[in-house]
Amino acid sequence: MTAVDGDQKTGDTYDARALQDKWQARWAAELPFQGSEDPGDTRPRSYVVDMFAYPSGDLHMGHAEAYAIGDVIGRYRFQRGDNVLHPIGWDSFGLPAENAAIRNDSHPAEWTYANIETQAASFRRYGIAVDWSRRLHTSDPEYYKWNQWLFLRFFERGLAYRKDGQVNWCPQDQTVLANEQVVQGRCERCGADVVRRGLNQWYFRITDYAQRLLDDMDQLDDGRWPDEILAMQRNWIGRSVGADVHFAIEGRDSPVTVFTTRPDTLYGATFFVVAADADLAEELCAPEQRAAFDAYRAEVAKLSDIERQATERPKTGVFLGRYAVNPVNGQRMPVWAADYVLADYGHGAIMAVPAHDQRDLDFALAFDLPVKVVVETGDPDPAETGVATAGEGTLRESGPLDGLTKTDAIDRIIEVLAERGTGDAAVNFRLRDWLLSRQRYWGTPIPIIHCPTCGEVPVRDDQLPVALPELKGAELAPQGVSPLAAATDWVEVDCPACGGPAKRDTDTMDTFVDSSWYFLRYCSPHLDTAPFDSEAVNTWGPVDHYIGGKEHATLHLLYARFFTKVLHDLGMLSFTEPFRRLTNQGQVINEGRAMSKSLGNGVDLGKEIEAYGVDAVRLTMLFASPPEEDVDWADVSCTAAQKFLNRAFRVMSEAGAASAPGTDAAAGDAGLRRITHRSIDQITALVEARRFNVAIARTMELVTAARRAIDSGPGAADPAVREAAEFVAVALSLFAPYVAEEGWERLGHTGSVAVGNWPEADPDLLVQESVTCVVQVQSKVRDKLSVAPDIDPAELEQLALASEKAQGFIGDKQIRKVIVRAPKLVNIVVG
RNA sequence: GUCCGGGUGGCGGAAUAGGUAGACGCGCUAGCUUGAGGUGCUAGUGGCCGUUAAGGCUGUGGGGGUUCAAGUCCCCCCUCGGACACCA
C-alpha cells in the first residue's frame, strides 16, 4: 500500500501508486515532452541533457538524484513555454556487459539490452519529462557506425594516429587505459594496480588542442561551470612556461633538448638525466655501462604505477657513461638515467639543478653529485640542509645573469640562448594524447585495415559500419589481445587499396569516444547519412544545461570539449564548447559513507519508491540540500515529504471543490494574493538559480498560507485560494509531477499541468502594505516598528527616536549620529 | 606537497550590492484530536542569566582588523572534505 491512509478527519489523501500509473499512461499517450523541429515554431529553444546512463542494472539512488535535478531544469523550461529538447539515451558499450557475458556464457548484447529495458521502465516510472522518440544506445550499429566515421575524419587530419609507447595496462581487465582512466595508479574501473607496458596503440591528438581547451574556458567561467571542474581541467592540462635548451652530447651528432621552467638556473646545472624508459637512454648508454643500465631498466619495468609514484621513494638511477655539455659555460655534465624523469613529458630528459630543485637535490645527494647554488635566496645551503631553494633571489656565478632577479634572469637567459641558437622560450603541457585502443570486445571496432604493402588503410565510408563479429561467452575472455583477433573470418579481409590479403585492426575504441558526441546525435537521432544534422545541432546546440557527476571532470567532460572543437574545425558545428552550463549533482550517501555492498548500507531506490511513492522520493532528494551537495539518506525523511505532499494535495482538492477554473483572482483576499505573488517571484528566481531546496521551502510556506486562508481566513471558495493552489500545482510539477497533475485535475483543469503554465508575478502585489523596521541603538535591535514601505527617511528617523524602548537605551547619552536605511532599519549611535 | 571547496542550533540546511542570524524541514516538548498507534491540528524549541514573567547578556571554527553595523569584507591561524601528485 503506497497510500497514506486517510480518514474522516483528515479528508482527502492520494494514492501514490494509482497516480503514477494514471499519469504515466497519460504522458505516454499525449507526449507533452517532445522537442519540436518545426521551423515555424518560434518558441525559445532549450536544450537540457543529463549525462546518459550506463545500463549496469536497475536505477539506483545516485540516478534518482541526478535525474531529478535534470528533470527540474527541463520541466521548468517546459513550464516557461520553451521548445525543450530533453532527450535520453544509454552509454551501452563497455566492460561490465562483457564480463557478464563471460560469466553467463552469453552475448553482451543480451545483458545490455535487458538492463536498458529495465532502466527505461524505471525512468518512466520516475516521471522524468523526456523525449522518448530520440532515445539512443551507443551499442547500436546505427550509432557506432558514426564513431567509425568520425574516427576516419580524425585519421585523415592526423588527429588519430598509432605509435609505440609505454602505456597503462590493467592486468585485471587485460586492456590498456588512457591516462585519465588511471586514478592514483589504479584502474578507474576495477581498481587493479596499473602497470606499464610497451605497445603500439591508437591515440587521439588531444594535445594539439591543449591551448584551446584552456583558452575556451573563458566561455565557461563566471559560474557557468563549477570552478572546481575548471580548476581540475586546468591542472590536468598543466601548462608550464619556460625554455627549451639544447645540450650537446659528447659523441652524438645532434644535441638533446630539455624543457625547463627555470632556465635562469642553467649555470647551476651539474648533471643531466634521461628517462630510464625512453629510447634516448637506450641510445646514449655507453657500452661499459650497458649491464648496469639493462639491470636498472628491468627493475623499473617491474614497478607498478603505485610503487613508482610513492612519494617517499628514494631516488634511483644509473650513470650512462656519457657527458652532456652546458651550452652557456661549456661545463661537462654526467648523463644519468633515472625513473624520476618521465619519458612522455617535455623531451624525456632534464638538466638537473640540485641547488634549486628538490628532486634533483635528492638525486644528487643519493649519488654524490655536485650542488651549485646560483640563486642567492638567503636560505641556508641546500647541500647542507637537503632542502632545495626555489624562491626569489639574486643570480650569482652565472656570467651575464649575475645580479639579476630570478624573473629578469629568465628573460635574459632566453635572449642569450636564442642569440646563440641553443635554446628558445617554450611552453609545455602535462596533458598527454588520448589513448583510445582497447583490447576488449564490447566496443566500436577501429575501422582500419592493416595491409603488408599499403600500411594503415581506412575502411571506405560506404563499408561502414564495421560490425562486431558475433562472439560470446568464453570467446570473450581476456587474453591480453583483443578477442576480435580470434574471429579470423572477420579479421582477414582484402586490402581496400591493393586488393591483397590484409587484416582488420582488432582493437575497439575506448567507450569515451561514444560519449564524446552523443549529445549531438540527439538532435537528429535517426539520421543515416551523417553522425548528426549540422543545421539541427547548430539550432539546438550547444547544450544549454548539462547535468552529471563531477567524476567526469577530466574524462568525459574533457573529451567532449575536445571533440566539439575538432568537429567545429571540420565545419560540422558552429560552436566550440559543448555545454553552456554544467551542474554536478552531489552523491546520495548513507550514514556518512558512500553506499556499498561491503558496508551493507545500500538503500534500494525501488523499495523507497514502493514505500513512499516517486513524488515523495524526488521531493526528499531535492529538498534535502542544494543540488551540488551530497545527501545523506540517514538525515532525511521521505515521510516528511509525503506529509507535505498530502497537505498540498488537500489544499488543491479543497480549492478545486470550492471554485471553478477561470475565476478572477482580482476579487480574492489581498493578503493571500500578496503571498502567492511573492512566492511566484521568489520561486522563479530560486529555480533559475538552481536553488531547488529553497524553492521547495517557499512552496511549503505557500501551502501553509493557503491552508490558513481556508481554515481561518476567507475560506476555500475565495479566488485567492484558487490562485494559490494553482501555483502550488505548477510549482510542484517540477519536483513532484504526479501529485501536481492530480491536483491540477482536482482544480478542474483538463490536460497536463506540466507545460506552459508558469505565471508571472504581478508587480503591484509584490509591494508590501507595511514592513518591519528595526530600531537599533548602538547597532543592537531595541524596537521594531511597522511602517509603510515608502516611508520618508526623515519621518522614519523621528518615529525611531520617539520609540520608548529605544529611548530607554539612549537615556541621557548624547546622540552622535542616526543612520537611516528606510524602510528597514534605523541605527542610533550614542556616546 | 600543490590546487580547489567547506566549517552556522541536537540534525539537513536558510540568510552575502554588509543592515532583525537560524527561513523551511527533521527531531524534541506540551496540548487538542484518537479505542490505540500513526495521521491531522495548535503552541514552543541556539545558549546562558532571570521565580513563571518582563527582560537582559551572548552567539555563525579561533584570533586580529575595517565599519554606525560583519556569518557576509581584509589579514593570520585551526580544521574537515575533495582533486592532483617525482610534470622538470
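Each chain gets a letter, A, B and so on, in the order the sequences are listed, and its residues count up from 1. On a predicted model such as this, the values are computed, not experimentally measured, just so you know.
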**Request:** Determine the contact category for A:Gln358: base if any of its heavy atoms lies under 4.0 Å from a base atom, sugar-phosphate if only primed atoms, P, OP1 or OP2 are that close, otherwise nothing.
**Result:** nothing

A:Trp336 atom CH2 is separated from B:A88 atom C1', nearest whole Å, by 18 Å

The ring pair (Phe, Tyr, Trp, His ring centres under 6.0 Å) partners of A:Phe623 (sequence neighbours excluded) come to none

So, are A:Arg186 and A:Asp193 salt-bridged, with charged N and O less than 4.0 Å apart? yes

- Query: When all nucleic acid strands are considered with a 4.0 Å heavy-atom cut-off, which category describes A:Arg239: base, sugar-phosphate, or nothing?
  - Reply: nothing

Worksheet item: For the residue pair A:Trp336 and A:Phe272, is the inter-centroid distance of their aromatic rings smaller than 6.0 Å?
Response: no

With a non-hydrogen cut-off below 4.0 angstrom, is A:Asn235 in contact with a base, only sugar-phosphate, or nothing?
sugar-phosphate

Exercise. Could you check whether A:Val631 gets within reach of a base, just the sugar-phosphate, or nothing at all, counting any heavy atom under 4.0 Å?
Key: nothing

| message | At 4.0 Å (heavy atoms only), tell me whether A:Val829 reaches a base, stays on the sugar-phosphate, or touches nothing. | response | sugar-phosphate

| request: Could you verify whether a donor N or O on one side chain and an acceptor N or O on the other, from A:Asp362 and A:Tyr340, lie under 3.5 Å apart? | output: no

Those residues at least two apart in sequence (or on a different chain) that pass side-chain contact (heavy atoms from CB on, under 4.5 Å) with A:Ala706 are A:Val651, A:Ala724

**OP:** Assign A:Phe272 to base, sugar-phosphate, or nothing according to its heavy-atom contacts below 4.0 angstrom with the strands shown.
**Re:** nothing

Heavy-atom side-chain contact between A:Val826 and A:Leu796 under 4.5 Å: yes

Side-chain atoms of A:Thr261 come closest, of B:A88, B:C41, B:C68, to B:A88

Exercise for the section: May I ask you to say whether A:Arg708 pairs ionically with A:Asp711, meaning some side-chain N is under 4.0 Å from a carboxylate O? Expected result: no

Winner on side-chain proximity to A:Tyr345, out of B:A23, B:A88, B:C68, is B:A88

In B/S/- notation (B base, S sugar-phosphate only, - none; protein heavy atoms under 4.0 Å), nucleotides 5-14 of chain B written 5' to 3' is S-----SBSS

Using the C1' atom as the reference point in each nucleotide, state the distance between B:G18 and B:C74 in Å, no decimals.
-> 13 Å

Handout entry: Rounded distance in Å between the C1' positions of B:G10 and B:U29
Key = 14 Å

Practice item. Would you tell me if any nitrogen or oxygen in the side chain of A:Lys643 comes within less than 4.0 Å of OP1 or OP2 on B:U39? Key: yes

Taken to the nearest whole Å, CD/A:Gln776 to C1'/B:U20 is 8 Å

Sorted by position of nearest nucleotide on RNA chain B, 5' first, the leading residue of A:Phe429 and A:Lys780 is A:Lys780

### Electrostatic pair A:Asp344-A:Arg432, nearest N-O below 4.0 angstrom
yes

Ranking B:C84, B:A88, B:C68 by distance to the side chain of A:Phe259, first place goes to B:A88

If one requires at least 3 consecutive Watson-Crick or G-U pairs with distances under 3.5 Å, the stems of RNA chain B turn out to be B:1-7 with B:78-84, B:10-12 with B:24-26, B:27-32 with B:40-45, B:46-49 with B:55-58, B:61-65 with B:73-77

When rounded to whole Å, the CZ to C1' distance for the pair A:Arg707 and B:U39 reads 14 Å

- request: Look at A:Arg782 together with A:Glu804 and state whether they make a salt bridge at an N to O cut-off of under 4.0 Å.
  value: no

Closest of B:C26, B:A83, B:A43 to the A:Arg708 side chain is B:A43

- Query: When you compare B:G50 with B:C57, how far apart are their C1' atoms, in angstrom units rounded to a whole number?
  - Reply: 11 Å

- Sticking with atom P, work out how far B:U42 lies from B:C24, rounded to a whole angstrom. 13 Å

Of the candidates B:A69, B:C24, B:C26, the side chain of A:Met700 sits closest to B:C24

Picking from B:A21, B:C68, B:G56, the nucleotide nearest the side-chain atoms of A:Arg782 would be B:G56

Using a 4.0 Å heavy-atom cut-off, does A:Lys784 contact any base of the nucleic acid, only the sugar-phosphate backbone, or nothing at all? base

**Prompt:** If we take the P atom in both B:G31 and B:C80, what is their distance in whole Å?
**Reply:** 44 Å

- Which whole number of Å gives the distance between the C1' atom of B:G1 and that of B:A14? 37 Å

Whole-angstrom distance between B:A53 and B:G44, as gauged at atom C1': 16 Å

**Asked** Are the aromatic ring centres of A:Phe271 and A:Phe363 under 6.0 angstrom apart?
**Response** yes

The ring pair (Phe, Tyr, Trp, His ring centres under 6.0 Å) partners of A:His556 (sequence neighbours excluded) come to A:Tyr546, A:His552

Per nearest nucleotide of RNA chain B, the residue lying toward the 5' end, A:Trp236 or A:Gln778, is A:Gln778

Hits for ring pair (Phe, Tyr, Trp, His ring centres under 6.0 Å) against A:Phe809, two or more places apart or cross-chain, chain-then-number order -> none

What does A:Thr639 touch in the nucleic acid at a heavy-atom separation under 4.0 angstrom: a base, only the sugar-phosphate, or nothing? nothing

Of the listed B:C84, B:C24, B:A83, the closest approach to the A:Val183 side chain comes from B:C84

P atoms of B:G47 and B:A15, separation to the nearest Å
23 Å

